[in-house]
Amino acid sequence: MIAAILWTIAYIWDRLLGDPRWLPHPVIRIGRCISGMERLLRRWFTQDKLKAAGFLLPIVIVGGAFGATWLLLWALALVHPWLSYGVEAILIATTIAVKGLQDAGMKVYNKLAAGDMDGARFETSMIVGRDTDTLDEPELVRATVETVAENIVDAVISPLFYALLGGAPLAMAYRAVNTLDSMVGYKNEKYEKLGYASAKLDDLANWIPARMTAGLVALSAWLFRAGDAKRALKTALSDAVKHPSPNSGWPEASVAGALHIRLGGFNVYKGVRSFREYMGEPLEVLAAKHIPATCRLLRGTSLLFAALGLAALWLRGGWLL
């Protein structure tokens, strides 16, 4: 029962407050630890041993995030159980980002709706890695929709999934996995070796949640009349494998199908042009309206998983682990 209450508080906290600036965010601390450990590993190991050394990153960072969270909650419980419960609910809330993701997408939409292309390009540049200086409205919309769709997994379903399994310690461990991937999980000369283990762990951690998300997006499209549920499922099953990531294609393809749009295409990263396989059929031309439509799917998907998780916790009577 307590776990179900904490789950509900965490979800509502994020939906209403997001990440308040006055509240220290654990991910910032995790990021600093990753940067510090990266410097140490590069100092201690030669280039030919960086791949093996890279396995220390998830062991120390992910294990440390789990252990530190568990230890904090244990210590607070010695003071008073409800103090530990309250902090655990807030910690779980910091691992999810429904409001933050929606707000980021809607900033782009609001600029486009006002006809402020420069402003829309700037807001898009804050959430994507591709060059945005010359993008027109359809390409800005595509970039935003792809980012919001992909992060339904990373920023919502996966952390909730791991919170369901093991409370705040496991949710924070997942957030450490995801932060590692975002910082060192690149397939370039600098991180190909050092970030190998971190990238593979992130792929593994998101494998189940990504596929669950595709189904939940389709269910959300049907229940909340937010899109084409049948096409969402069909597109996910046919096109998800076209994405270079083993997981990101599932939410992106599902959203593309639900909204009758096509995602993928040519992107430019630091002046270098690259092509990503298309997902979905262009039954509708990409337009600003597809950003709030994607945000509706984000909200619906998160609500469905939150409801399912709450039901599981009530039936089980605690975190599942």
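Residue-environment remark: CG (Leu283) exceeds the threshold of 12 foreign heavy atoms within 6.0 Å. Within a 6.0 Å sphere centred on CZ of Arg29, other residues, nucleotides and ligands contribute 12 heavy atoms or fewer.
Minimum heavy-atom separation, Ala210 to Val153: CA-CG2, 3.7 Å. Of all heavy-atom pairs spanning Ala120 and Leu140, the tightest one is CB-CD1, 3.9 Å. What you find for Asp239 and Gly280 is that their closest heavy atoms are OD2-N, 2.8 Å. When all heavy atoms of Gly265 and Tyr278 are compared, the pair lying nearest together is CA-CE2, 3.6 Å. Between Pro20 and Gly18 the shortest heavy-atom distance is CD-O, 3.2 Å. Taking all atoms of both residues into account, the shortest heavy-atom contact from Val128 to Thr132 is CG2-CG2, 3.8 Å.
Put simply, Ile208 and Leu216 are part of the same group of oily side chains (I, L, V, M, F, W, Y) that touch within less than 4.5 Å, one to the next. Taken together through direct or relayed side-chain contacts under 4.5 Å among Ile, Leu, Val, Met, Phe, Trp and Tyr, Val241 and Val255 form parts of separate hydrophobic clusters. In the hydrophobic clustering of ILVMFWY residues, with side-chain heavy atoms under 4.5 Å counting as a link, Leu160 and Leu308 come out together. Linking ILVMFWY side-chain heavy atoms closer than 4.5 Å, directly or via other members, places Met117 and Leu286 in a single hydrophobic cluster. Following chains of ILVMFWY side-chain contacts shorter than 4.5 Å, one can reach Val145 starting from Val108, so the two form part of one hydrophobic cluster.
Lys193 places none of its side-chain heavy atoms less than 4.5 Å from the side chain of Tyr196. Looking at Lys99 and Leu16, their side chains never come closer than 4.5 Å, going by heavy atoms from C-beta outward. With contacts defined as side-chain heavy-atom distances shorter than 4.5 Å, the pair Leu180/Ile30 does not qualify. Between Arg299 and Gln102, some side-chain heavy-atom pair lies under the 4.5 Å cut-off. By the 4.5 Å heavy-atom criterion applied to side chains, Ser245 and Trp250 are not counted as neighbours.
A distance of 12.0 Å separates CZ of Arg316 from CH2 of Trp319, quoted to the nearest 0.5 Å. Rounded to the nearest 0.5 angstrom, Ile157 CD1 and Met212 CE are separated by 7.5 Å. Here CG of Asn178 is found 12.0 Å from CE of Met183. Values are rounded to the nearest 0.5 Å. Going from atom CD of Glu150 over to atom CG of Leu101 covers 10.0 Å, rounded to the nearest 0.5 Å. Atoms OG1 and CG, from Thr179 and Asp154 in turn, are 10.0 Å apart once rounded to the nearest 0.5 Å. Rounded to the nearest 0.5 angstrom, Arg175 CZ and Leu91 CG are separated by 13.0 Å.
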Report the C-alpha separation of Arg130 and Val268 in whole Å, then their side-chain angles, then the decisive distance to 0.1 Å, and conclude whether the side-chain contact (heavy atoms from CB on, under 4.5 Å) test is met. CA-CA 6 Å; Arg130 70 194 71 173; Val268 179; 5.9 Å; no
Could you check Tyr269 against Ser274 for side-chain contact (heavy atoms from CB on, under 4.5 Å), going step by step and ending with a plain yes or no? CA-CA 8 Å; Tyr269 299 92; Ser274 65; 3.5 Å; yes
Do Lys111 and Glu137 pass the salt bridge (charged side-chain N to carboxylate O under 4.0 Å, His left out) test, and can you show the C-alpha distance, the side-chain angles, and the key distance before you say yes or no? CA-CA 10 Å; Lys111 294 296 183 181; Glu137 179 173 322; over 6 Å; no
Evaluate the side-chain contact (heavy atoms from CB on, under 4.5 Å) criterion for residues Lys190 and Arg42: first the C-alpha distance (whole Å), next the side-chain angles of each, then the deciding distance (0.1 Å), finally the verdict. CA-CA 11 Å; Lys190 183 177 180 181; Arg42 290 188 183 279; 3.5 Å; yes
Apply the test side-chain contact (heavy atoms from CB on, under 4.5 Å) to residues Phe161 and Tyr174: give CA-CA distance (whole Å), side-chain angles for both, the deciding distance (0.1 Å), then the verdict. CA-CA 10 Å; Phe161 175 77; Tyr174 167 76; over 6 Å; no
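Remark: the backbone N or O of Asp133 is not paired with any side-chain donor or acceptor of Asp131 at under 3.5 angstrom. In this structure, Tyr162 contributes its side chain and Ala205 its backbone to a donor-acceptor pair below 3.5 Å. The main-chain N or O of Phe122 is found under 3.5 Å from a side-chain atom of Ser125 such that the two form a donor-acceptor pair. No side-chain donor-acceptor contact under 3.5 Å links Trp7 to the backbone of Leu313. The backbone N or O of Asp203 lies less than 3.5 Å from a partner atom in the side chain of Asn247, making a donor-acceptor pair. Although no hydrogens or angles enter the test, the distance criterion places no donor-acceptor pair under 3.5 Å between the side chain of His243 and the main chain of Ala240. Although no hydrogens or angles enter the test, the distance criterion places a donor-acceptor pair under 3.5 Å between the side chain of Asp14 and the main chain of Val98. With Glu192 contributing its side chain and Lys187 its backbone, the two residues share no donor-acceptor pair below 3.5 Å. At distances below 3.5 Å, at least one donor-acceptor pair connects side-chain atoms of Thr95 with backbone N or O atoms of Ile92. No donor-acceptor pair closer than 3.5 Å links the side chain of Asp202 to the backbone N or O of Ser198.
Looking at Asn206 and Ser158, their side chains do bring a donor and an acceptor atom within 3.5 Å of each other.
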For residues 45-73, which side-chain N or O atoms pair as donor and acceptor with protein atoms under 3.5 Å away, sequence neighbours left out?
from, atom 1, to, atom 2, distance (Å)
Thr46, OG1, Asp48, OD1, 2.4
Thr69, OG1, Ala65, O, 2.7

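Remark: Arg211 is positioned above the aromatic ring of Trp207, its terminal NZ or CZ atom under 6.0 angstrom from the ring centre and at most 45 degrees off the axis.
For residues 265-291, the salt bridge (Lys or Arg N to Asp or Glu O under 4.0 Å) pairs, not counting sequence neighbours, are Arg231-Glu281, Glu284-Lys289.
The ring-ring contact (aromatic ring centres under 6.0 Å, His included) check on Tyr11 picks up nothing, with sequence neighbours excluded.
Electrostatic pairing of Glu252 and Arg142 does not count as a salt bridge here, judged by no charged N lying under 4.0 Å from a carboxylate O.
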